[in-house]
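Notes for the one structure printed next.
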There are 2 protein chains.
Amino acid sequence: MGYGFRTGAGRGPARPWGRRYGEGAATVSERKASGGAGRATIRDVAERAGVSVASVSRVLSGNYPVSDELRRRVMKVVRDLDYVTNAHARSLAGGGTPTVAILINNITGAAFAHVAKGVEGAASLRGWLSLVGTTGDDPERELALVNLMRQQGVAAVVLLGGAYDFDEYQLRMARFARSLDAAGSHLVLVGRPPLEGDVAATTVDYDNEGGAYAMASHLLSAGHRRVLVLPGHSELTTAQGRLRGARRAFEAYGVPFDPGMVLHGPYDYGHGYDAVEESLRRELDFTAVLAGTDVVAAGAMHALRGAGLRVPEDISIVGYDDIPLASQLTPQLTTVHVPYEEMGRAALRAVADRREGGAGRRGGGDGAHLVLGTHVVVRNSVQPPARRS
Amino acid sequence: MGYGFRTGAGRGPARPWGRRYGEGAATVSERKASGGAGRATIRDVAERAGVSVASVSRVLSGNYPVSDELRRRVMKVVRDLDYVTNAHARSLAGGGTPTVAILINNITGAAFAHVAKGVEGAASLRGWLSLVGTTGDDPERELALVNLMRQQGVAAVVLLGGAYDFDEYQLRMARFARSLDAAGSHLVLVGRPPLEGDVAATTVDYDNEGGAYAMASHLLSAGHRRVLVLPGHSELTTAQGRLRGARRAFEAYGVPFDPGMVLHGPYDYGHGYDAVEESLRRELDFTAVLAGTDVVAAGAMHALRGAGLRVPEDISIVGYDDIPLASQLTPQLTTVHVPYEEMGRAALRAVADRREGGAGRRGGGDGAHLVLGTHVVVRNSVQPPARRS
DNA sequence: TTGAAAGCGTTACCAG
DNA sequence: CTGGTAACGCTTTCAA
């Protein structure tokens, strides 16, 4: 009748917006010449196959009964035209591939790569897509990225890596969580402590402090008493946890913990190198180095060697993370294994389960918290302390 | 008049599809309760600000003059509602954020991380988005991913890493290129040789063979004559190039090249280790190892050391890629620097330029080919050959 | 089992 | 400078 869209038999207004297919309800004319500019649409397929767009949609979605004949006809045209569905249109109409966004400070970190692999692998297993964004440690960029992901309508935003424990952090993350939740998305924190309060965010963490405790214990039980500790940046939550774990181990062993032996700094090779070099210059007395990450340990090892010290004969070194580098160093590094890839998988699983399970139980409160175990991997970088002259 | 959408004053059919805002042309009623389920839409914002959706769109797009008063009103509501544009709707309507897809075999590779960083960095600089997918060396998955990316309407698909030079490869890639081109997208090959013929794909490559030539020359000019070559998989284009370069260097130096000293295998630590161990067992006579990648070199170094051989005093080793690992090994590895990050940047730049420049010059033919230089980085893993007993 | 058409949330054109 | 609204390409309901 009077209303209706794409009916009205050619009485539409002028159309200066560009091409249009099949103007008028039953009029199959003015067809776009196949192979023209731009992507083929579902209507091109429908017309060419002599069926309705609804049928094409049903064939392609595969979630609706269609006759074999119809399917055959449609699929042939799809192949001929090399047609693929427009994901944007599909999402808009309600369907669409769920997408996870992975946000990371530095894509170059080996630990990240493994988490990303876990997420990506689990995602593609379910036919999900994954987006990656890097923040470069810039909070502004992080904010911008979260918003960008929100625009994309992602099923979840996975934030990777230790967080800086500034005052603003909790507020900011809580805001992210709320925002995403309101948009039907979800925040997942991987490798950082859970948010306080009743926030709708999932946390997938590992036993950071426990790993450090075990690692330090390993050193202590080998007889080391003077150990140089390089936990990382003092405001970084992972560094704080590692330091805490080490401290607890010292207490447990009744060994006094000397704060003067703790050197904070970034999780990189250069810091490990510099810290050890400086300690040597300052003639600090230590028989072992407890590094915050394997990369820091590698740097430390380099500096030690540069000073003519042997590892582990003169000085023992341990790392944290158990990235491939750990077993590629000489000597191979004793370190704490963190199940990064498994964490990635767990993160995606959490989101997927949540999605299937409780539609409608949104609105905060169910901040799940998963903690995966860590353990010491003993290799060749630790020996009982040498009696130093 | 008779036609029209969302006009016709309430004469529309029943609407069982769900909520709808502002039924009828001027009727501002039946508003969704703010804060309800789902994302706020541009119409929520428009209604709440008492302006038209067109105005909201203009304020948010920022590409059209609007009064300060309007902007203020709209932005306030946007903040109140925590509104973000729906990227899918935006793309569908013609706007939208350009997106690059990065496809990679193994996300864990360090070389990849740097290319990805380059692409991602350059992309976000322009406000572009980047997607990452991993193929796991599976051609089927690669195909599926390219199609997925095509569905997403990505501006370009960047394929990373050496390719397996099977017969089918050229055809497959040409098909990808054509497909993407037809959809208004573009194929970029990074770190692999360009496609043959008149194919619309851009290639960003590095002087692979030249780097190998220089690296081998370095070894030869140090006096090495018997060198164990571990180029990689024999079907991998990068491995082929590296082997070719080495061979040319031998020729240039008038040193006979012994095919028996070439051991093919994957680009991983284990292969380096195994190859050297086996060579040692077979009592192959060599004074240096020319590894296909730094990781292979690391494995080789480990095996050598396990056999009681010193590097570089007894055996010299060189790598390829110059990933961070190279300078973290002991001794630090002399290797070939490949500008991975720069390649990533170049890849994105190529796509972006192409997009701005020649709209309409699609249809094959302009397969640009960029080749970036490589160079030897001399560190401490090479010494003139020891006179062996 | 199939077809017709409304609706998803934007953008950009046209008219004022 | 602002408002109205067709169109983007698809899914899904309703009707046949």
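A note on names: the letters A, B, ... follow the listed sequences, proteins ahead of strands, and every chain is numbered from 1.
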Check this one for me: any side-chain N or O of B:T41 less than 4.0 Å away from OP1 or OP2 of C:dG9? no
Testing D:dC8, D:dC10, C:dA5 for proximity to the side chain of A:A54, the answer is C:dA5
Rounded to whole Å, the NE2-C1' distance (B:H88 to D:dG9) equals 13 Å
Which side-chain N or O atoms in residues 74-86 of chain A pair as donor and acceptor under 3.5 Å with protein atoms at least two apart or in another chain?
{"from": "A:K76", "atom 1": "NZ", "to": "A:D80", "atom 2": "OD1", "distance (Å)": "3.4"}
{"from": "A:K76", "atom 1": "NZ", "to": "A:D80", "atom 2": "OD2", "distance (Å)": "2.7"}
{"from": "A:D82", "atom 1": "OD1", "to": "B:R150", "atom 2": "NH2", "distance (Å)": "3.0"}
{"from": "A:D82", "atom 1": "OD2", "to": "B:S179", "atom 2": "OG", "distance (Å)": "2.0"}
{"from": "A:T85", "atom 1": "OG1", "to": "A:R90", "atom 2": "NH2", "distance (Å)": "3.2"}
{"from": "A:N86", "atom 1": "OD1", "to": "A:H88", "atom 2": "N", "distance (Å)": "2.7"}
{"from": "A:N86", "atom 1": "OD1", "to": "A:A89", "atom 2": "N", "distance (Å)": "3.0"}

Atom CZ of B:R43 and atom P of D:dG4 are separated, to the nearest Å, by 11 Å
So, with a heavy-atom separation below 4.0 Å from DNA chain D, the residues of residues 63-75 of chain A are none
Taken to the nearest whole Å, CD/A:Q151 to P/C:dT10 is 10 Å
What nucleic acid atoms does A:S57 come within less than 4.0 Å of, heavy atoms only: base, sugar-phosphate, or nothing? base
Sorted by chain and number, sequence neighbours left out, salt bridge (charged side-chain N to carboxylate O under 4.0 Å, His left out) with A:R73 holds for A:E69
Any base atoms under 4.0 Å from A:V56, or only sugar-phosphate, or nothing? Heavy atoms, all strands. nothing
Here the gap from A:L187 atom CG to A:L180 atom CG, rounded to the nearest 0.5 Å, amounts to 6.0 Å
The side-chain contact (heavy atoms from CB on, under 4.5 Å) partners of B:A350 (sequence neighbours excluded) come to B:T202
Ignoring hydrogens and angles, write down the donor-acceptor pairs under 3.5 Å from the side chains of residues 139-146 of chain A, residues two or more places apart or on other chains.
{"from": "A:R141", "atom 1": "NE", "to": "A:T134", "atom 2": "O", "distance (Å)": "3.0"}
{"from": "A:R141", "atom 1": "NH2", "to": "B:S124", "atom 2": "OG", "distance (Å)": "3.1"}
{"from": "A:E142", "atom 1": "OE1", "to": "A:R172", "atom 2": "NE", "distance (Å)": "3.4"}

A:I42 atom CD1 is separated from D:dC10 atom C1', nearest whole Å, by 6 Å
_Does B:S61 reach a base, just sugar-phosphate, or nothing at all? Heavy atoms under 4.0 Å._
sugar-phosphate
From CG of A:N86 across to P of C:dT10 the rounded distance in Å is 16 Å
Quick note, A:V51 side chain, CB onward, closest among C:dC8, C:dG9, C:dG3 is C:dG3
Please tell me if B:S55 has a side-chain N or O lying less than 4.0 Å from either OP1 or OP2 of D:dG3. yes
| message | Keeping A:S61 on the side-chain end and A:S57 on the backbone end, is there a donor-acceptor pair under 3.5 Å? | response | yes
B:R39 CZ to C:dG9 C1', in whole Å, measures 9 Å
Checking C:dT11, D:dC10, C:dG3 against the side chain of A:A89 (C-beta onward), the nearest is D:dC10
side-chain contact (heavy atoms from CB on, under 4.5 Å) filter on A:A174, not counting sequence neighbours, yields A:R178, A:V199
Ranking C:dT10, D:dT5, D:dG3 by distance to the side chain of B:R58, first place goes to D:dG3
Between CG of A:L92 and C1' of D:dC8 the distance, given in whole Å, is 9 Å
